[in-house]
Amino acid sequence: MTAPWIAELAACLPNGAAASDPDVLASYSRDQAPLAPAGTPMALVRAKSVDDVVATLRFAHERRIPVVTRAAGTGLAGGANAVDGCIILLVSALDRILRIDEATRTAVVEPGVLNGVLAKAAAARGLYYAPDPASRDISTIGGNIATNAGGSCCLKYGVTGDHVAALEAVLADGTRIRTGALTEKNVAGLDLTRLLVGSEGTLAVIVGATVRLLRARHAPSTLVAFFSSMPNAAAAIAAMDATADLSLIEVMDHVTIEAVEALTHMSLDTNAAAMVLAQSDATDAAEVIARCQELCHAHDAIDVMCTDDAEEGRLLLAARRSALPALERLGTTLLDDIAVPKPAMPEMFERIQRTAERHQLVIGTFGHAGDGNLHPTIVFDASRPESKKAAFAAFDEIVRDALALEGTITGEHGVGSLKRGYLGEMVGEVERELMGRIKAAFDPRGILNPGKGI
Ligand SMILES: Cc1cc2nc3c(=O)[nH]c(=O)nc-3n(C[C@H](O)[C@H](O)[C@H](O)COP(=O)(O)OP(=O)(O)OC[C@H]3O[C@@H](n4cnc5c(N)ncnc54)[C@H](O)[C@@H]3O)c2cc1C
């Protein structure tokens, strides 16, 4: 069914930016969380300018039409999934790097710039854009900011929000706003920049960002270690984290090691219970990694390899980055994203193992051990209703176990539509209601990504 207002919307937008073909709409209805709910959109706007964003929001606000902002659609929580009757506002074509400034070490970008493109442009100027989600080559800076994306190097460099200096955004009624400042320090008023970071398209549409760049980092040294038990691996991780200047510590369990080896044939030790990757970019990186090697041996590592060669290090990290595609080859997957305080990680691994046994499911767990952020990935048979039911029961248990261990329902992927049912329990009902009032201040008619995030 075509919306009665589609011709009027098209008339507001020059250059044919609006579309309503059902096949085209369907292809923009979902992100990368296949099991998160998605509705049927009425229109797609491919914004080619900020004016297109303003015109779309004014139009939708007047008529109370929901708007789902979408960038690259790589989200893993259903955040960019359509809601019934919505306009999908695609901002990925706003993809110019407007300025890279060495003096302030900042870059001014449009929201559709891919993370990896910015990282390369910064590197060409001797600078470093730190936020490094595994999706960096396919996800946008705007999407990264809207989800406050994490990645591997958060242990040392923090999350996306730690690198955002200022934003330009459009409110639900089409009003343009600017937040933040170019300065290193800025304590003027409430921090609206930080409020927009991680707001998952529910408060405003981000149309420009000033992000911080760092000096180029030292060439990294890398360690990979295999352990016969997860508790030994966890003890080694804790020892390294406590004493070494590391930029990342990643972990994969036995199920994930086997799946990655089957995909990559990298000669990983498939008998091991855990594989740990650590990297240092300190000026004495080689010595730091050598000390970590000793710590791994002290915690009964079966095998430890180290390299100062950046390309070899990159290849070792590629093993970790292929964890999700490798597990996806085993069946339908339900990917979780929880984080627990670091000392609770061994207990969380044990609980995941018990959940897998209880529901007779394969669960491969990998994640950012340096941050306590784990991605238990439930593999199931989508053609069998009882298998799907067991997968969702396991997902629920894992989220509740994370809460029981004083962790969080989402470390980096966001609430989207997938985790909304847990938000009240996570933040508290009073606090959730406060979040609702903040949303109402930005978006009084509730048109921006309704039913997602907060
Ligand atoms: C293989 C793979 C690996 C991944 N690895 C990581 C990882 O390591 N760490 C991590 O954190 N995530 C990871 N992700 C998830 C995903 O890439 C991130 O959430 C990313 O930040 C989403 O960016 P996007 O451009 O695809 O945004 P989309 O998926 O299009 O949108 C995500 C959310 O942001 C909102 N949004 C997008 N752009 C704007 C804007 N300009 N203004 C307002 N709201 C906006 C949308 O409404 C939606 O709610 C991974 C995903 C895949 C597929």
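Read the numbers this way: they start at 1 and go in the same order the structure lists the ligands and their atoms. Every heavy atom of this structure was used, including side-chain atoms; hydrogens, water molecules and symmetry mates were not.
- Donor-acceptor pairing under 3.5 Å is lacking for the side chains of Asn186 and Thr183.
- Side chains of Thr355 and Glu397: a donor on one and an acceptor on the other come within 3.5 Å.
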Between ligand 1 and the protein, give all atom pairs where both partners are nitrogen or oxygen and the distance is under 3.5 Å, as lines of names plus distance to 0.1 Å.
from, atom 1, to, atom 2, distance (Å)
ligand 1, 8 (O), Ala134, N, 2.9
ligand 1, 9 (N), Gly150, O, 3.4
ligand 1, 9 (N), Glu412, OE1, 3.4
ligand 1, 9 (N), Glu412, OE2, 3.2
ligand 1, 11 (O), Gly150, N, 2.9
ligand 1, 11 (O), Glu412, O, 3.4
ligand 1, 17 (O), Thr74, OG1, 2.6
ligand 1, 17 (O), Ser135, OG, 2.6
ligand 1, 21 (O), Gly143, O, 3.3
ligand 1, 21 (O), Asn144, N, 3.4
ligand 1, 21 (O), Asn144, ND2, 2.9
ligand 1, 21 (O), Thr147, OG1, 2.9
ligand 1, 25 (O), Ala72, N, 3.2
ligand 1, 25 (O), Thr140, N, 3.0
ligand 1, 25 (O), Thr140, OG1, 2.8
ligand 1, 26 (O), Gly73, N, 3.2
ligand 1, 26 (O), Thr74, N, 2.7
ligand 1, 26 (O), Thr74, OG1, 2.6
ligand 1, 29 (O), Thr74, N, 3.2
ligand 1, 29 (O), Gly75, N, 2.8
ligand 1, 30 (O), Ala71, N, 2.8
ligand 1, 30 (O), Ala72, N, 3.4
ligand 1, 30 (O), Gly73, N, 2.8
ligand 1, 41 (N), Ile206, O, 3.0
ligand 1, 42 (N), Ile206, N, 2.9
ligand 1, 47 (O), Thr69, O, 2.6
ligand 1, 49 (O), Gly79, O, 3.3
ligand 1, 49 (O), Glu200, O, 3.2

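- Residues Asp245 and Ser280 bring no donor and acceptor atom of their side chains to less than 3.5 Å of each other.
- Checked against Glu250 for a side chain to side chain donor-acceptor pair (under 3.5 Å), the options Arg321, His368, Gln279 give a single hit: His368.
- Considering SG of Cys154 and CG of Asp371, their distance stands at 5.0 Å, rounded to 0.5 Å.
- When all heavy atoms of Leu374 and Met345 are compared, the pair lying nearest together is CD2-SD, 4.1 Å.
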